[in-house]
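Working notes for the structure below.
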Amino acid sequence: MKVSARNQLVGKVVDIIEGAVNNEVILSLAHGEKLATIITKESCDTLHIKKDGEAIAIIKAPWVVLALPDCGLNFSARNQFTGKVTHLSQGAVNSTVHLETTKGLELTAVITNESLQEMQLAKGSEVLALVKASSVIVATRK
């Protein structure tokens, strides 16, 4: 698939919780990670999303928020993945942070250089990656 989003995660639909307007779709990803998404009922129908079917979660790197595990805060984001930084690329304003979760899922985040410095991130740093369920775009194959 050719899209600009860095995080393209293939998963199996393990649950669909129907709402009046939106559905919550839960995907089981490689390595056993679970990912919650919120999409409209219409999108569920249009994409033919069914339990046990395949779906692809698309998450742009700037939508992945990083926190330090010991920051002392609880977060409302449904998707919270603990892991370690595997690679950093610092640009003029932003940095790309690659991480691997404790279960082996690879994610990419883009954060400001100021945040990189304030969090003192380096290769091997432990991080918490946060993704709001409404920030996940869901796709299916034709």
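Here, residue 1 is the first one in the sequence, and each next residue gets the next number. Treat the numbers as computed from the prediction; the structure is a model and nothing was measured.
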Could you tell me whether Glu54 and Lys12 have a side-chain N and a carboxylate O separated by less than 4.0 Å?
no

Would you say that Ile137 contacts Ile59 through its side chain, given a criterion of any heavy-atom pair below 4.5 Å between the two side chains?
no

To check you understand the geometry: which heavy-atom pair defines the closest contact between Ala122 and Val85, and what is its length?
O-CB, 3.4 Å

Taking side chain as C-beta onward, heavy atoms only, is Lys51 less than 4.5 Å from Ile26?
no

Once rounded to the nearest 0.5 Å, what's the spacing between atom OG1 of Thr37 and atom CG of Leu9?
11.5 Å

Hey, is Lys84 close enough to Glu100 for a salt bridge, meaning N to O under 4.0 Å?
no

Do Val131 and Arg78 have side chains that approach each other closer than 4.5 Å (heavy atoms only, starting at C-beta)?
no

Partner residues of Glu42 under the salt bridge (charged side-chain N to carboxylate O under 4.0 Å, His left out) criterion, sequence neighbours left out:
none

Do Gln117 and Gln90 touch side chain to side chain, with heavy atoms closer than 4.5 Å?
yes

Hey, mind stepping through Leu27 and Val13 against side-chain contact (heavy atoms from CB on, under 4.5 Å) and telling me if it holds?
CA-CA 5 Å; Leu27 300 178; Val13 177; 3.6 Å; yes

Pair Val10, Arg141 - check side-chain contact (heavy atoms from CB on, under 4.5 Å), show working.
CA-CA 11 Å; Val10 177; Arg141 300 184 198 278; 3.9 Å; yes

Which pair of heavy atoms, one from Ser28 and one from Val14, lies closest together, and at what distance?
CB-CG1, 3.6 Å

Straight-line distance of Glu106 CD to Thr101 OG1, nearest 0.5 Å
9.0 Å

Taking only residues two or more places apart in sequence or in another chain, which ones pass ring-ring contact (aromatic ring centres under 6.0 Å, His included) with His87?
His98

Could you measure the distance from the CG atom of Asn22 to the NZ atom of Lys41? Nearest 0.5 Å is fine.
9.5 Å

Would you say that Ile111 contacts Val97 through its side chain, given a criterion of any heavy-atom pair below 4.5 Å between the two side chains?
yes

Does some side-chain heavy atom of Leu66 sit less than 4.5 Å from a side-chain heavy atom of Met119?
yes

Nearest non-hydrogen partners of Gly11 and Leu29, listed with the distance
CA-CD2, 4.0 Å

Under 3.5 Å, side chain of Asn7 to main-chain N/O of Thr108, donor-acceptor pair present?
yes

Using links of under 4.5 Å between side-chain heavy atoms of ILVMFWY residues, direct or through other members, which residues join Val65 in one cluster?
Leu73, Phe75, Leu128, Leu130

For the residue pair Ser43 and Thr46, confirm or rule out a side-chain donor-acceptor distance under 3.5 Å.
no

Nearest-0.5 Å distance, CG of residue Leu47 to CD1 of residue Ile39:
6.0 Å

Closest approach of Gln8 and Val3, non-hydrogen atoms and distance?
NE2-CG2, 3.2 Å

Report yes or no: does Asn79 contribute a side-chain atom to a donor-acceptor pair with the main-chain N or O of Ala36 at less than 3.5 Å?
yes

Just by distance, no angles: are the side chains of Asn113 and Ser95 close enough, under 3.5 Å, to form a donor-acceptor pair?
yes

Using a 4.5 Å cut-off on heavy atoms from C-beta on, say whether the side chain of Phe81 contacts that of Leu107.
yes

Gap between atom CD1 of Ile17 and atom CG of Asn23 - 0.5 Å precision
9.0 Å

Can you tell me how far CG of Leu121 sits from CG of Leu116, rounded to the nearest 0.5 angstrom?
5.5 Å

If hydrophobic clusters are built by linking Ile, Leu, Val, Met, Phe, Trp and Tyr wherever their side-chain heavy atoms come under 4.5 Å apart, do Leu99 and Val110 end up in the same one?
no

Between Val25 and Ile38, is any pair of side-chain heavy atoms under 4.5 Å apart?
no

side-chain contact (heavy atoms from CB on, under 4.5 Å) for Thr112 and Val93? Distances and angles first, verdict last.
CA-CA 6 Å; Thr112 64; Val93 176; 5.6 Å; no

